[in-house]
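Here the structure comes first, spelled out in structure tokens, and everything after it is commentary.
The structure presented is a predicted model; accordingly, all values stated were derived computationally and were not measured. Side-chain atoms are counted along with the backbone in the values below, which use heavy atoms only and exclude waters and symmetry mates.
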Amino acid sequence: MSKIQEIEDIFNIFHDGTIDDVVIQSNKIDLLIGIQYLAELIDKKFEFFNLRLIGVELIEYDTWTANSYKLTDWKEIFELGISIINTETDSSGNVVVHSSCFNVPNDLFDGGKLIIKCRDYELFDELKNPITIERLKELSTFYWNEKFGKK
């Protein structure tokens, strides 16, 4: 599985989660993803995961508006209050995160597509312990099986 496919899978697992904080360092971006129902499966006190995007070449936000309007300032994008809906990879190899927003100035739009192109990622729990994508998938499968009674 390619790194891009893994990043797409991670964002899909984080559906309904929110990007609650971000630290931007040149071509590295650390995202604090709030998704308590999964995080607390690791530790009952946890609410977040940390996703580090490495080798970031592109981040933009294509808004859901009648006139195509794209935000390209990374700081401005992550101040929107992004809530993850679902994710796909486009034909250019970009990860496209469909999302709603809860902190848009003047309510200009309700959401859009967070478009990311990066080389790699690292995933951590709330205490910065590394987590594999396989472990994240196990947690997600366990949660949804428990929630819907599938044994």
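- Ser2 OG to Glu8 CD: the interatomic distance, rounded to the nearest 0.5 Å, is 8.5 Å.
- The distance from atom OG1 of Thr65 to atom CG of Leu108, rounded to the nearest 0.5 Å, is 9.0 Å.
- Hydrophobic cluster membership differs between Leu71 and Val96, with clusters built from Ile, Leu, Val, Met, Phe, Trp and Tyr side chains linked at under 4.5 angstrom.
- Here the side chains of Ile33 and Ile19 are in contact, with some heavy-atom distance below 4.5 Å.
- In terms of hydrophobic clustering, with Ile, Leu, Val, Met, Phe, Trp and Tyr side chains grouped at heavy-atom distances under 4.5 Å, Phe14 and Leu41 are assigned to a common cluster.
- Residues Phe11 and Ile116 meet the side-chain proximity criterion, which asks for heavy atoms closer than 4.5 Å.
- Of the inter-residue distances, the one linking Ile133 atom CD1 with Arg135 atom CZ reads 14.0 Å to the nearest 0.5 angstrom.
- Checking Val23, Asn50, Val22 one by one against Leu31, the side chain to side chain contact (heavy atoms under 4.5 Å, CB included) holds for a single residue, Val22.
- Side-chain contact, Tyr61 with Thr72: no donor N or O sits under 3.5 Å from an acceptor N or O.
- When all heavy atoms are compared, the tightest approach of Gln36 to Phe46 is CG-O, 3.8 Å.
- A salt bridge is defined here as a Lys NZ or Arg NE, NH1 or NH2 lying under 4.0 Å from an Asp or Glu carboxylate O, and Glu134 with Lys137 fails to meet this definition.
- Below 30°, between 30° and 60°, or above 60°: for Tyr37 and Tyr143 the angle between ring planes is between 30° and 60°, a tilted geometry.
- Taking every heavy atom of both residues into account, Asp120 and Ile7 meet most closely at O-CD1, 4.2 Å.
- Using a 4.5 Å cut-off on side-chain heavy atoms (C-beta onward), Ile42 and Phe49 make contact.
- When side chains are defined from C-beta on, Asn12 counts as touching Asn86, because their heavy atoms get closer than 4.5 Å.
- Contact check for Lys28 versus Arg52: side-chain heavy atoms found under the 4.5 Å cut-off.
- Nearest heavy-atom pair across Ala39 and Glu47 is CB-C, 3.5 Å.
- Expressed to the nearest 0.5 Å, how far CG of Asp107 lies from SG of Cys101 amounts to 11.0 Å.
- Considering CG of Leu114 and OG1 of Thr63, their distance stands at 12.5 Å, rounded to 0.5 Å.
- With hydrophobic clusters built from ILVMFWY side chains whose heavy atoms lie under 4.5 angstrom apart, Ile4 shares a cluster with Leu136.
- In this structure, the separation between CD on Glu122 and CD1 on Ile131 is 12.5 Å, given to the nearest 0.5 Å.
- Contact of the Phe48 side chain with the Ile35 side chain is not registered, since no non-hydrogen atoms from C-beta on lie closer than 4.5 Å.
- No side-chain heavy atom of Ser100 sits less than 4.5 Å from a side-chain heavy atom of Asp110.
- Across all non-hydrogen atoms, the minimal contact from Leu38 to Ser140 is CD2-CA, 3.7 Å.
- Between the side chains of Asp20 and Thr18, a donor-acceptor pair is found at a separation under 3.5 Å.
- Note on Ile115: it does not cluster hydrophobically with Ile82, by side-chain heavy-atom contacts below 4.5 Å among ILVMFWY residues.
- Cluster annotation: Val97 and Ile54 are assigned to distinct hydrophobic clusters (Ile/Leu/Val/Met/Phe/Trp/Tyr, side-chain heavy-atom contacts under 4.5 Å, transitive).
- Between Leu80 and Pro105, the shortest heavy-atom distance links the atoms CD2-CD, 4.4 Å.
- Side chain of Lys113 to backbone of Thr87: no donor-acceptor contact under 3.5 angstrom is found.
- Counting heavy atoms from C-beta on, the side chains of Glu88 and His98 come closer than 4.5 Å.
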